Amino acid sequence: MASPTTKNHSHIEIDDINEESQQITEKDIVEKDMAPLPGSSIHRSSSRPQLDVSGAAIQGNFEEKDPAILLPNQTDDISHLALDIGGSLIKLIYFSRHADRQVDDGRKRKVKERLGVTNGSRRSYPILGGRLHFVKFETSKINECLDFIHSKQLHCGGMDPRCWPSDAPPSENAVIKATGGGAYKFADLFKERLGVSIEKEDEMNCLVSGANFLLKAIRHEAFTHMEGHKEFVQIDQNDLFPYLLVNIGSGVSMIKVDGDGQFQRVSGTNVGGGTYWGLGRLLTKCKSFDELLELSQRGDNSTIDMLVGDIYGGMDYSKIGLSASTIASSFGKTISENKDLEDYKPEDISLSLLRMISYNIGQIAYLNALRFGLKRIFFGGFFIRGHAYTMDTISFAVQFWSKGDAQAMFLRHEGFLGALGAFMSYEKHGLDDLMVHQLVERFPMGAPYIGGNVHGPPLGDLNEKISWMEKFVRKGTEITAPVPMAPPATTGLGGFEVPSSKGVLRSDASKLNVGVLHLVPSLEVFPLLADPKTYEPNTIDLSDHGELEYWFTVLSEHLSDLVDKAVASEGGTDDAKRRGDAFARAFSAHLARLMEEPAAYGKLGLANLLELREECLREFHFFDAYRTIKQRENEASLAVLPDLLMELDSLTEDMRLLTLIEGVLAANIFDWGSRACVDLYHKGTIIEIYRMSRKKMQRPWRVDDFDAFKERMLGSGDRKPQPHKRALLFVDNSGADIVLGMLPLARELLRRGTEVVLVANSLPALNDVTAMELPDIVAEAAKHCDILRGAAEAGGLLVDAMSNIQDGYKENTPSVPLMVVENGCGSPCIDLRQVSSELAAAAKDADLVILEGMGRSLHTNYNAKFKCDALKLAMVKNQRLAAKLVKGNIYDCVCRYEPAS
Ligand SMILES: Nc1ncnc2c1ncn2[C@@H]1O[C@H](COP(=O)(O)OP(=O)(O)O)[C@@H](O)[C@H]1O
Ligand SMILES: CC(C)(COP(=O)(O)O)[C@@H](O)C(=O)NCCC(=O)O
Ligand SMILES: [Mn+2]
């Protein structure tokens with residue numbers, strides 16, 4: 001019987017949030033390896049501490065997912081912290097180890113044995129997980145930075161990452177990598193205050209290795225931003241170089257990048273971010289950079305700038321392509337009038353200044369690109385600050401001067417390039433070896449609200465985090481989403497109109513356009529994808545505003561029911577209620593944030609939203625909200641399974657196959673993620689609903705390739721086809737769905753000599769069955785079925801689970817095996833670019849893939865093409881999706897069969 005499982009979810013860490021400032025700058029990124037990487041291409045200085053890996057041994061169980069490495073001969077204290085101390089801002093990156101240790105159950109051991117799963121794919125050494133946190137401070141407030149490092153003991157990183165950060169004081173030779181001018185300027189202060197030495201890394205080198213890493217390893221890193229429209233650019237790793245990197249910090253560096261470690265600083269300009277902020281501050285009396293930026297949004301630069309129209313009596317100078325609204329001379333109007341500074345609106349000054357500087361940088365950048373024949377220009381640095389108008393202005397300049405030949409692109413981690421490069425220069429981290437599919441982006445609870453500087457000690461535990469959420473939410477109006485989308489507005493000739501004042505630039509929020517990137521070294525690309533390069537998991541692209549609005553409403557309306565289930569799953573205690581409330585607030589805030597700026601967290605599809613919801617639940621320690629429901633439905637379904645099997649066995653082969661597919665589709669109605677279905681459940685018992693659903697299974701289904709599938713399975717006439725060798729069944733919900741739908745189908749395949757691998761979620765999501773739960777369910781079902789029993793035994797599934805089952809069966813079929821693998825996901829949808837190594841290994845011999853359920857086969861993968869035969873089975877439990885995807889109605893069914901492509 002499926003029992004509620006308590007998985008080890010401790011890898012879901014709490015992001016540190018500062019209560020005092022209500023600002024967070026923790027941009028947790030990447031987890032990383034601890035082992036040195038041979039042949040790594042980034043520059044490494046010989047003076048840096050090296051890891052002594054002699055005598056390295058795996059500590060603990062070799063079978064463990066990410067066993068720690070013991071380095072007995074390692075003596076150096078190697079810091080897990082890197083800094084970029086610039087003229088304006090300090091960028092800090094630190095590493096924290098994943099605290100999780102996955103449960104190493106019997107199923108996993110068996111699967112590894114049988115499928116030959118390795119730890120990670122290509123490596124000869126084990127990998128330690130972890131993640132990088134991204135923080136920034138104003139350079140003028142360096143003491144806050146030092147306090148932060150001290151409070152988190154970031155400078156005391158010992159070598160054993162499992163107890164890192166440690167409480168041990170830094171040893172004599174503790175070293176922190178740092179780049180930027182402050183690495184020189186503040187070296188003594190670091191020694192004095194923290195007792196650590198700063199090891200300086202070259203700034204340009206760091207910028208380049210940081211940018212190369214981001215462009216290669218992070219899927220939605222680079223984007224264009226034109227006329228308010230943000231579009232992510234898929235970078236082909238093999239066609240990245242050469243490019244121009246323009247880092248707009250206090251000053252501006254322009255670097256021609258030809259490869260890893262191959263670059264030349266070809267130009268720069270002293271008119272940069274420091275100029276905007278410095279001059280702006282003097283001219284407007286603004287107290288912060290963000291205030292200045294916000295002012296610009298309400299400004300009208302035509303009161304300050306001399307426009308072409310001012311010179312040409314309101315006319316365009318069309319002969320040379322200049323519209324009347326083009327700026328002829330920045331600040332030019334202020335000379336001809338008898339006015340003082342006070343007579344100008346600070347808003348107008350800020351805008352004029354912003355345009356002046358952004359255009360200028362865009363133009364110089366383009367000229368340098370032209371000098372070297374570079375088509376692509378990436379802009380980084382914190383001057384950009386994710387600000388739509390700044391990006392539009394730069395893009396416009398590049399487009400205007402290049403006549404559309406060159407393209408400006410921006411980076412989501414804009415200001416962290418140098419710090420990232422400094423971090424990567426630690427020999428042991430080897431971030432540059434990471435593959436894009438090993439990074440998973442997560443969005444911490446604070447993401448919708450905060451960003452900015454850290455003051456005071458970070459938050460510690462869940463309780464503090466909830467209080468913070470409560471306190472923050474009480475402030476009501478502050479929870480709005482930030483960066484306004486500039487409206488499409490150009491004159492067609494030259495120059496933008498005044499930016500829209502629609503929306504507000506929340507000074508504290510828009511900085512967090514990056515989420516948390518976890519490194520999961522064991523993730524792999526699903527080997528059976530026909531073309532991983534063009535594969536896009538999401539069927540529904542939420543960049544269509546109507547679509548976005550609809551799905552946001554669906555998820556919002558579902559929220560209270562979900563909270564009820566989550567709270568009940570934790571015993572309905574006051575603590576659970578408080579957590580439930582905090583979860584609802586956090587998730588709603590994400591939705592609000594994304595409603596304002598759908599691309600804030602990278603390209604947004606429905607699958608991302610559904611996953612975000614699960615992540616938010618886990619963040620507030622709801623590890624399995626539907627556990628009781630799942631258990632109840634499993635029991636009810638297992639009770640009727642023997643009758644169903646008998647009924648199936650009495651049918652002819654043809655009828656049986658049809659009845660089995662009907663059964664899968666009918667049982668897919670048990671979906672607690674669908675509003676319509678949840679309403680249904682109030683109207684009858686599980687078995688009644690199942691029967692009703694089966695009765696309604698009239699063919700033809702809305703998408704009905706059953707006949708083609710049947711022909712492949714059973715042949716036609718005298719032709720008896722070879723059975724498939726191995727089928728991967730991506731299973732969906734617990735209860736009837738798995739027990740009365742997918743297991744009987746698995747049994748049929750087994751009966752026909754096909755090995756079956758049940759592919760289930762690694763973590764709970766809605767009422768989906770997990771890989772952990774499946775062996776118990778299979779064991780229970782096997783009590784009623786020889787085929788299942790033999791196969792489960794052959795697949796090593798019954799070793800633990802069946803230990804208390806009395807043996808009453810004759811082993812008359814030396815079966816093909818039935819196995820269970822986890823898919824590496826914790827969401828109702830599945831992104832096949834990032835699956836577990838177990839699943840990747842199981843896929844090697846598979847020649848049939850069956851995807852079941854709306855999440856796995858409609859919201860995601862409906863359009864996926866496979867190298868092998870594929871069957872997609874789902875009941876469409878949402879009216880809009882039915883109409884859009886299959887031109888049908890709610891409860892219509894999809895049976896899509898696609899032979900190997
Ligand atoms: N909170 C902020 N405080 C000061 N400057 C900021 C802030 N946010 C963005 N900026 C802009 O970012 C610039 C600094 O960018 P950055 O990439 O950190 O360069 P640097 O390494 O020179 O400090 C500033 O000159 C300013 O234009
Ligand atoms: C979350 C789901 C994808 C789960 O469906 P399943 O994969 O279990 O068939 C689905 O229930 C869904 O799209 N729900 C939201 C839409 C609605 O409530 O109508
Ligand atoms: Mn489901």
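Start at 1 and go down the list; that is how both ligands and their atoms are numbered. Since we're looking at a predicted model, the values are computed, not measured.
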Original post:
Heavy-atom distance under 4.5 Å between the side chains of L83 and I176, does that happen here?
Top reply: yes
Consider ligand 1: state whether an atom of it lies below 4.0 angstrom from any non-hydrogen atom of [X].
X: E414; result: no
X: G180; result: no
X: Y276; result: no

Residues [X] and [Y] bridged, charged N to O under 4.0 Å:
X: K565; Y: D561; answer: yes
X: D768; Y: K630; answer: no
X: R694; Y: E662; answer: no

Original post:
Looking at residues at least two apart in the chain, or sitting in another chain, which of them share a side-chain hydrogen bond (donor to acceptor under 3.5 Å, both in side chains) with D564?
Top reply: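 None.
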Subject >> With K877 via side-chain hydrogen bond (donor to acceptor under 3.5 Å, both in side chains) - residues at least two apart >> reply: N668, D671
Original post:
Can you list the atoms of ligand 1 that are under 4.0 Å from a heavy atom of G274?
Top reply: 25 (O)
Subject >> Enumerated ligand 1 atoms positioned under 4.0 Å from heavy atoms of G273 >> reply: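 Listed by number with element: 25 (O), 26 (C), 27 (O).
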For ligand 1, find out whether one of its N or O atoms is nearer than 3.5 Å to an N or O atom of [X].
X: F383; value: yes
X: G381; value: no
X: G251; value: no
X: S250; value: yes
X: F289; value: no
X: S88; value: yes
X: K91; value: yes

Subject >> Check: N634 side chain, G735 main-chain N or O, donor-acceptor pair, under 3.5 Å >> reply: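 Checked: pair present.
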**OP:** Give a yes or no answer on whether the side chain of E536 reaches the backbone of N538 with a donor-acceptor pair at less than 3.5 Å.
**Re:**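 Yes, because the side chain of E536 sits within donor-acceptor range (under 3.5 Å) of the backbone of N538.
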Subject >> Residue-atom pairs from the protein, N, O or S only, that lie under 2.8 Å from the Mn ion (ligand 3) >> reply: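 Protein N/O/S atoms under 2.8 Å of the Mn ion (ligand 3): D732 OD1, N733 OD1, D768 OD1.
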Within 45° of the ring axis of [Y] and under 6.0 Å from its six-membered ring centre, is that where the NZ or CZ of [X] lies?
X: K136; Y: F382; answer: yes
X: R896; Y: Y862; answer: yes
X: R856; Y: F730; answer: no

**OP:** Report yes if the distance between the aromatic ring centroids of W672 and H558 is under 6.0 Å, otherwise no.
**Re:**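 Between H558 and W672, which both carry aromatic rings, the centre distance is not below 6.0 Å.
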**OP:** Output the distance between atom CG (L354) and atom CZ (F383), rounded to the nearest 0.5 Å.
**Re:**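 Between L354 CG and F383 CZ, I get 5.0 Å after rounding to 0.5 Å.
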Original post:
Between CD1 of I248 and CD1 of I361, what distance do you get to the nearest 0.5 Å?
Top reply: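 Interatomic distance, I248 CD1 to I361 CD1, rounded to 0.5 Å: 4.0 Å.
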Original post:
Is it true that atom CZ of R281 has more than 12 heavy atoms of other residues, nucleotides or ligands lying nearer than 6.0 Å?
Top reply: no
**OP:** Check the pair F410 / F378 against ring pair (Phe, Tyr, Trp, His ring centres under 6.0 Å), numbers first and verdict last.
**Re:** CA-CA 5 Å; F410 303 90; F378 293 103; 9.5 Å; no
Original post:
How does W277 reach ligand 1, by side chain, by backbone, by both or by neither, if only non-hydrogen atoms under 4.0 Å count?
Top reply: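 Under 4.0 Å from ligand 1, W277 contributes side-chain atoms alone.
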Would you mind listing each N/O atom of ligand 2 next to any protein N/O under 3.5 Å, plus the distance?
unit_1: ligand 2; atom_1: 5 (O); unit_2: D671; atom_2: OD2; d: 3.0
unit_1: ligand 2; atom_1: 7 (O); unit_2: D732; atom_2: OD2; d: 3.0
unit_1: ligand 2; atom_1: 7 (O); unit_2: M854; atom_2: N; d: 3.2
unit_1: ligand 2; atom_1: 7 (O); unit_2: G855; atom_2: N; d: 2.7
unit_1: ligand 2; atom_1: 8 (O); unit_2: D732; atom_2: OD1; d: 3.0
unit_1: ligand 2; atom_1: 8 (O); unit_2: D732; atom_2: OD2; d: 2.7
unit_1: ligand 2; atom_1: 8 (O); unit_2: N733; atom_2: OD1; d: 2.9
unit_1: ligand 2; atom_1: 8 (O); unit_2: N733; atom_2: ND2; d: 3.1
unit_1: ligand 2; atom_1: 9 (O); unit_2: D732; atom_2: OD2; d: 3.0
unit_1: ligand 2; atom_1: 9 (O); unit_2: M854; atom_2: N; d: 2.7
unit_1: ligand 2; atom_1: 9 (O); unit_2: K877; atom_2: NZ; d: 2.5
unit_1: ligand 2; atom_1: 11 (O); unit_2: D671; atom_2: OD1; d: 3.1
unit_1: ligand 2; atom_1: 11 (O); unit_2: D671; atom_2: OD2; d: 2.5
unit_1: ligand 2; atom_1: 11 (O); unit_2: G673; atom_2: O; d: 3.4
unit_1: ligand 2; atom_1: 11 (O); unit_2: S674; atom_2: N; d: 3.2
unit_1: ligand 2; atom_1: 13 (O); unit_2: H859; atom_2: NE2; d: 2.5
unit_1: ligand 2; atom_1: 14 (N); unit_2: G673; atom_2: O; d: 2.9
unit_1: ligand 2; atom_1: 18 (O); unit_2: G673; atom_2: O; d: 3.3
unit_1: ligand 2; atom_1: 18 (O); unit_2: R675; atom_2: N; d: 2.8
unit_1: ligand 2; atom_1: 19 (O); unit_2: N878; atom_2: ND2; d: 2.8

